[in-house]
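Here's the structure we're looking at; comments come further down.
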Amino acid sequence: MNNSIKKYLSSLACLLLWVYTLNAQVNGTVKDEYGHVLQGVLITSENDKNITITDQNGKYELTVNDGSQYLTFSLLGYVSQRSSIEPEAYGEQIDLTLERAETFDLDDQIYTGNYTQRKKEITGSISRVSGKELERSPVGNLSMSLSGRLPGLFTRETYSEPARTNTELWVRGSASPNGGTALVVIDGFPYDYNANELFEYITANEVESISVLKDATSQALYGIQGANGVIVITTKRGIKQPLKIDVSINHTMEQRTTTPPFINSADFVQLRNQAGLNDGNGEYSYFNKTAVDGFLAGDNPEYFPNNNWREINAKDITQMSRVNMNLTGGNDKAVFYTNINVLHQDGMWNIDPGTTQYNPNNQFIWANIRSNVDVQLAKYFSVGLNLSGNIKRERTPGGHGVELAHGGSWDGFAKGIWYRFFSLPPYVYGPTTPLMQDPETGEITGGEVVVTETEPITSWAIINRLGYDQYTVTNIYAQFMPKLDLSFLTPGLSISGNYGYQTNAVKGLFVNRTYERWVRTKDYSELEYQKIGTDVNSPLQYRSSASFYYNLNYKGTINYQRRFNSIHDVNAMAYSFYQQLNKSGGGLPYKRSNSGIGIGYGYDDRYLLRVNLGYSGSEQYSSQNRFTAFPAFSAAWVATNEAYLEKNPLLTYLKLRGSWGKTGNDRGIGRYVYLDNVTLTGGGYNFLGGNNVNEGQVANPFLDPEIVTKKGLGIDLTLLNNFSLTFDIYNEKLENGVTSATSKTPDYQGVPLGNYPRANVGIYENKGYELSLGYNKDITRDLNLTLGGWLSQNKNKVIFWDESQRAEDYAYRLRSEGYPLGQEWGYLVDDHNGNGYFNSQEEIDNSGLVYEIGTPKPGYLKYYDLNADGKINDKDKAPLGHGSLPNFFYAFNGGLKYKNFDMSILFQGIADYWTVDMSMGRIEYPYEGVYTEWHKAAWTAERYANGEEIRYPALSAQKNSNHEASNFFLEDKSYLRLKNLEVGYTFDLFNGTRLYFSGQNLLTWDKLKHDVYGPEAHYSGGLEAIPVYRLYNVGLSINF
Amino acid sequence: MKVMKKYFQILFILFALGLTVSCNDALELEYDGRSSLDELFKTRNGVRGYLNACYNGRIMPDINRSILTDESQSSEMVFQGSLASLWYVDAYSATNYSNVDGQPWSSIYQAIRRCNIFLDRIEGITAEELASLEEELTSWKAQAHTLRALYYLQLLKRYGAVPLITEPYEINHDFSQDVRTPVSTVIKQILDDCDAAMSVPTATQGFSWTVRTGENYIMNRAVVQAIRSQAILYAASPLFSDGTYTWNDAAEITGNALSNLLVNDYNLWDEEPEGNSAQNIYELYFITPHDEQRARDKETIYPGSRVNIWGSHGMPSTPGQTTAGACPTQELVDCYEMKATGMIPITGYSDPQHLQPIVNSASGYDPENPYEGRDPRFYATIYFNGAIRDLGTADGLSRDDHYPLNMTLAGNNVAVTELDEEGAYRIETLGGDPFLPTTTLTQDINAAAGSILLKFKYKSNNHITNAQFFFAAPNPAGGQSTPENVVLNKSTEWTDFELDLTPYREQSWWQWGKPGHSLRFDVGSDAGNIVDIKDIEINVRVESIPAAPCESFVGGLDGISSTDRRATFTGYYLRKYNNWKSGRDNNADGEIRMFRLAEMYLNFAEAAYQATGNPETAINIGNGMSLSARDAVNAIRRRVGMPDLPAGLSKDEFEKRYRNERRVELAYEGHRYFDVRRWKIMEESERYVTGMHITKNDDDSFNYQRISFVRDSYKEKLYLYPIPQGEINKMFTHTGLDWQNPGWN
């Protein structure tokens, strides 16, 4: 067999010979153009079998035994070089000088989760960032480091508790109203469930690179899962080299970027009484004169407290430490990469010294260990093994169950504490009742938690009285990756498998107790307390919970990669993938099956073509509609490889790209939508035998997955080798969107609308562009400068969503069709009178307006009667802002290297983003009143008469017509942030020892008209949101 | 090469595995217990289960509906976002509307759809398992008809004309032809469904008048009568009447319904309170939960649910109270007649704000002692300033409950024999560590407050100094020890033993005293003891709260406020349904009923005087009975000891007295809200309500001053609930017509 192949191959003159007896020994030194030795240069043989890197002296040694004819030398930031080797050479020395690739590194390997391409072969649209770059961000969660680093990836931090941060990741906005955030692929396996959370179990240190697949070319292979974009994480692997140990130690100080200004008791009681007065309850409705005078005087803090609950309970600076060690190395038989990473996040609360039985402070210890091993079992058979285990232990103040018992909701560990700093007024005595000693018995009473009528839970009580909750999460990835090199059949052919699982188990331990609740009586001339409710001071009680989920993954791939005649590049693959997801308590396993074929062809590095076909199935659909094919085509032309442009001194690189393809989405619908869900259950009346029937979803056997057609055009160019530009423009259209029955089906037909069958009739469009610029210059032998930036605009629009038109007298008869996703609606304030408020009863009467949303009083907002019917109601609402996703994302960065000194800087921002903010504290009436700076300048007849600034309508203790969505609450949420700054110095100690200082979220410029909270707070509710944190980090990394 | 081939084969197999699992079958649904309606309607349990689902959707009466009427002003009006705070300022539109039952449009229609499906499918049942169940089948069918009638009645009261759907819609139903069916057509359907239900035989398994054990909440013939009575009354009322149904029809049907109930053992509750349980008959009825066997309570036609007055509508001086809730208005107080004269004390107001009452001096009313000599129902319904709250026992206990326990016969190192005497045991210890458990508690002793005493009588052959008791609960809670070294004296006569377990309850974190909990008796530590024991019981005792009268005057314990939701806003607190024994550790409050016989009397009285114009014209109501409007009202009055209405009242005079009577009798039962609407008097009744601001003078006398609350919630649109705005938009798209109720656009 081999002979016949040999004959065939040798008949092709320029074809590389198949010589598997070749066995060369090569060594040498690699330097840069200035003669500095280069460490870390990756040297790979043509057939990818033999790999090594240079040591700190730039030296390498490699045995080539895979029949390769040449070696490739590559290093990030340098132009890769090829060097041919002599067969059976022994001790051949190849010394090289690598040139700075000042803009594109065209040999960058980009992995799409299914196949690998060099950057120069790419025809679609992919952004990539290396793990090294991500390491610059001193953050506790990998997803926080992505912001601003990947053009086309929109990030937003929706929860900011240190080390438990949640960041949403959107690829090119939203591809479908039912879609959402991007699919995450880790080492070849796609994860849909809890995808965002998986970033918590991986560190930048372990990451080789992260690629974002933005267009249909590579998304098509993910079929039904591809439409929302794909984020591909690839972990590091070992390379053949002597054992190399890198250790890094980081210590981070965390500080809130914003801290809400404190409203003191004196202000509070006046504002509250003002609200009561405005509501018609008289001058001293909430606090009598004694109280007001007392709080104003402020000279008796015992009777008239002024408690800043945040200051009492929260630390201003918290700390995080991280230690990381990488071990890597190997020989011809086996290579390994091992990582150990430990993170400790310190608590953010002040613990009362009396709370000594246990430490409830939120603490977070996270350890992960990864070992990626590749073993060459035989000449053609190798096995890869990935094992990664994480253990995460979180301790938080307790009381999950307690809060639920009091009718609250629990949406975040620290959040429940944080917002109560503001929902509990500053005038409340506390945190506990004073200790009293009975003069006769000597018995000491008191020390009980002081609450209010409306808020039975206080921050102090959660921290100090509810015990603690502890969660231990273990997350394990295990992958077995056999690979058979079929080059004995035909060169470039291989077949590989990837089998593995990911398990995630959460054990909750709840050591909780309850506490007595006392309220202070309204008589401020004495300190008297009254017990409310039935809770007692109970001893600690133990409960526990357990939950888990796991993914089982099976994948097989055939790969073929070959260059014929030095001009025909063929790159083909086919794969098949099956995944089963099981959740505790989650019913039947979730199953999906994807497969696909991809073929790339390149002619002379000038004309590139790629055809990908995904074929995937989801159990959501009936057997007739279960599988869908997703084709994609893309092509590129590298103009600078044409003879007439080659070696052009100005235009050093120019590539034009175009792609068309389809991807799909199966999210946003229930399970098994093709089946009726009727079950016979228990729990009925005895006289009916205790039987009951539960009717759920009504089937639609014809429902299809949503198919998004994506088109894109792009250009990559380099000028003078220093300046680069990439521009992409895209359009995504969904024409079979799954619309909900709520749009046109009336309720009175009797099937709950959530169960009513849905239809594939929606039309939706998402489009935009991305522009990236880069500049990279070695100014002198010792000084290098890089500058870069990107800008993207993304807009979506619901074109048809089976929406019911409203009656003719509506100012806007449609509220979703024709508007972007998440379009907000509300009233427009009529400020013709100069300030937009009714400034007198007369003005209200003269306006002739009838408010059907609560009768206005002087100082209330005056709304436009858009439909001119004399009434203010739902019909007068107008669009506010432009949807739930920002229109513009941008970032720019710079880097400077001078001798051993280096520095990098990253700015990131969003623009043209408006949302309606009616969170607690923005509006004043929730709880017992929550006041912030603008309420101090609320409308009063007096302020108006004096011509003072008015920043808020007349205060009220009740919901009224001011508390409707309106452009009064519309705020510009644009911001620009100094996201990351790093300064480092490398000492010649061991193999390089670097000391560095870095910072995250150092400065923010925003357009908010207040300092109460930052621009991102509205994702989770204004004052209720834990502010985004600023991080100061000092780190030391040592390479042994 | 051979080795290579082997690897190749292995890999190929692995790869093929990857491919094969991904075929279509792998994505098929594994069986998860889901069924289909077709399958369900082939089995008895399936049919019964579906009928049970038809029961889901009844809207139970709610005390809170009173806050939306002139019965009460809610202290919750100061609580941000509460129903009252939004309702009184008219902050509701068709988009955000909410009532005490939310916005029940879709939930009622979902229930109607289930009834439609049930009635549709029950017709075609041929399955063998069900063929032999004829009686049961017909009963089920009658229940479904009754439920559908009830749902349409509840829907109509709220929304007026509604789409009438009596067969389940197909998924591809064409909505463009749907209409809001006129009220009279819906009423006809309700009456037809009632007739259909009544046409079923009253057999053992059939559709009966009586409610048997285990049939709590079942739909029966009596409920059908109540639905008929209420439906026809509404149909003839001004708000709903389109002339199809007249007051004559109403008199006939309400009369027939009433007589049907009377001949089938429905009677007004007339049980006098024993001892200190309640002040009068009327109060006792409302603090007594209905009993499904109808042994005592023959008045309740369809029950509602137990309420919590002491906490949710209670007085701040009651520990654990959360809100004063529905504070009775002065208008309601003014309605209660003088018991001696049978006259209404306040006949009206001379100002729109109701601040100047027109006192009927002939009635015997004394404005300086306004709460004296009133209708007994006044004292049962309202806590006023000075009202005695605690009807406590002479020995100062508000609670003295006894929970008997027996010994079990199996222990460790003991021999137990039952003695001849009932509940007496002989325990002989046979070795070291002798112990044995008691039987378990069968009910919760609710002893979070008060004291828990362990009591029994014993004889012992030895002086035992190291007996012990353990609190025991089923696993995994385990046990908790009480003090060691409990002494049992040597005695040959029955000796009383008493041990206060109260301090040790705190140590048993699972709160000993729940059903299933028991005690373990450690009979010393030696062999040879013989202990006889009998009359073991747990005695829970709660001391009376000192019987302070209600202090709603300014500065009193329960003083009036305008900002504190725990205090009354009107000077009154709700007493109806409130058992004076209720408190944080023991909710003994009573029950609000959906239908009761008194309403049936009143419904008939209203229809009769409207139909005849003369309250004294007797009408034949079937079953050999005849009754006039005045007779019917007097039946209600006599039960509480009020004098008869005077004879010779004109229709208008009678109407005034009737409406007053209905308001008093049915206060806080959810009727007033609908009555003022169907009578179309809401604009007068809802705009101003008043309270009594009472100040205590230096000489301990009181000064009474009326205070007014102004509401925006009297507007015409509030006659009916709005149909949800989303529904209006959809129907506009389908039909081009505006389906909204008046005023909600």
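Lettering follows sequence order; numbering is per chain, from 1. Since this is a predicted model, take the numbers as computed values, not measurements.
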(message) Which one wins on heavy-atom pair count under 4.5 Å against chain A: Arg565(B), Arg566(B), His173(B)?
(response) Arg566(B)
(message) Less than 4.5 Å to any heavy atom of chain A: does that hold for the side chain of Tyr92(B), its backbone, both, or neither?
(response) backbone
(request) Mind running side-chain contact (heavy atoms from CB on, under 4.5 Å) on Leu40(B) and Leu680(A) for me, showing each step along the way? (result) CA-CA 8 Å; Leu40(B) 283 175; Leu680(A) 182 62; 3.9 Å; yes
(message) For Ser538(A), which atoms come within 4.5 Å of any heavy atom of chain B: side chain, backbone, both, or neither?
(response) neither
(request) Among Val698(A), Thr745(A), Asn873(A), single out the residue with the greatest number of heavy-atom pairs under 4.5 Å to chain B. (result) Thr745(A)
(message) For a quick test of reading the model, state the closest non-hydrogen atom pair linking His734(B) to Pro746(A) and the distance between them.
(response) NE2-CD, 4.2 Å
(request) Assert yes or no for the condition that the ring centre distance of Tyr748(A) to Tyr159(B) is strictly below 6.0 Å. (result) no
(request) Just jot down the ring-ring contact (aromatic ring centres under 6.0 Å, His included) partners of Tyr621(A), sequence neighbours excluded, or say none. (result) none
(request) Work out which heavy atom in Leu688(A) is nearest to a heavy atom in Gln143(B); give both atom names and the distance. (result) CD2-OE1, 4.4 Å
(request) Check Arg813(A) against Phe732(B) and note the closest heavy-atom contact, atom names and distance. (result) NH2-CE2, 3.4 Å
(request) Select one option (side chain, backbone, both, neither) describing which atoms of Asn116(B) are under 4.5 Å from chain A's heavy atoms. (result) neither
(request) Sequence neighbours left out, what passes salt bridge (charged side-chain N to carboxylate O under 4.0 Å, His left out) with Lys717(B)? Give chain and number order. (result) Asp90(B)
(request) Select one option (side chain, backbone, both, neither) describing which atoms of Arg48(B) are under 4.5 Å from chain A's heavy atoms. (result) both
(message) Let's go through Gln958(A) and Tyr88(B) carefully: what are the C-alpha distance in whole Å and the side-chain angles of both, what is the deciding distance for side-chain contact (heavy atoms from CB on, under 4.5 Å) to 0.1 Å, and is it a yes or a no?
(response) CA-CA 11 Å; Gln958(A) 288 162 28; Tyr88(B) 296 152; over 6 Å; no
(message) Looking only at heavy atoms and a cut-off of under 4.5 Å, which of Asn216(B), Asn745(B), Asp738(B) has the most pairs with chain A?
(response) Asn745(B)
(message) Only pairs of heavy atoms separated by less than 4.5 Å count here; which of Ile117(B), Asp178(B), Leu155(B) has the most with chain A?
(response) Asp178(B)
(message) Tell me which of these, Ile728(B), Thr95(B), Ile218(B), has more heavy-atom pairs under 4.5 Å with chain A than the rest.
(response) Ile218(B)
(request) Go through the atoms of Tyr50(B) and report whether side chain, backbone, both or neither lie under 4.5 Å from a heavy atom of chain A. (result) both
(request) Locate the shortest heavy-atom distance separating Asn729(B) from Tyr810(A); write the atom from each residue and the value. (result) OD1-OH, 4.1 Å
(message) Tell me which of these, Asp874(A), Asn677(A), Asp279(A), has more heavy-atom pairs under 4.5 Å with chain B than the rest.
(response) Asn677(A)
(request) Just give me the residue among Asn686(A), Thr679(A), Asn692(A) that pairs up with chain B most often, heavy atom to heavy atom, under 4.5 Å. (result) Asn692(A)
(request) Would you mind checking which part of Ser743(A) comes under 4.5 Å of any heavy atom in chain B, side chain (CB onward), backbone (N, CA, C, O), both or neither? (result) backbone
(message) So which atom in Gly46(B) and which in Val693(A) form the shortest heavy-atom distance, rounded to 0.1 Å?
(response) O-CG2, 3.9 Å
(request) Go through Ser622(A), Gly280(A), Pro926(A) and name the one with the most non-hydrogen pairs under 4.5 angstrom from chain B. (result) Pro926(A)
(message) Between Gln580(A), Glu695(A), Gln530(A), who has the most heavy-atom pairs with chain B when the cutoff is under 4.5 Å?
(response) Glu695(A)
(request) Sort Trp739(B) into side chain, backbone, both or neither according to what part of it lies under 4.5 angstrom from a heavy atom of chain A. (result) side chain
(request) State, without any angle test, whether Thr855(A) and Asp712(B) hold a side-chain donor-acceptor pair at a distance under 3.5 Å. (result) yes
(request) Answer with yes or no whether the side chains of Asn691(A) and Asn52(B) bring together a donor and an acceptor at under 3.5 Å. (result) no
(request) Between chain B and each of Ala957(A), Gly689(A), Pro752(A), count heavy-atom pairs under 4.5 Å; write down the option with the most. (result) Pro752(A)
(message) With a 4.5 angstrom heavy-atom cut-off, is it the side chain or the backbone of Gln321(B) that approaches chain A, or both, or neither?
(response) neither
(message) Quick one, Gln749(A) and Ile171(B) - any side-chain contact, counting heavy atoms below 4.5 Å?
(response) no
(request) Sort Arg592(A) into side chain, backbone, both or neither according to what part of it lies under 4.5 angstrom from a heavy atom of chain B. (result) backbone
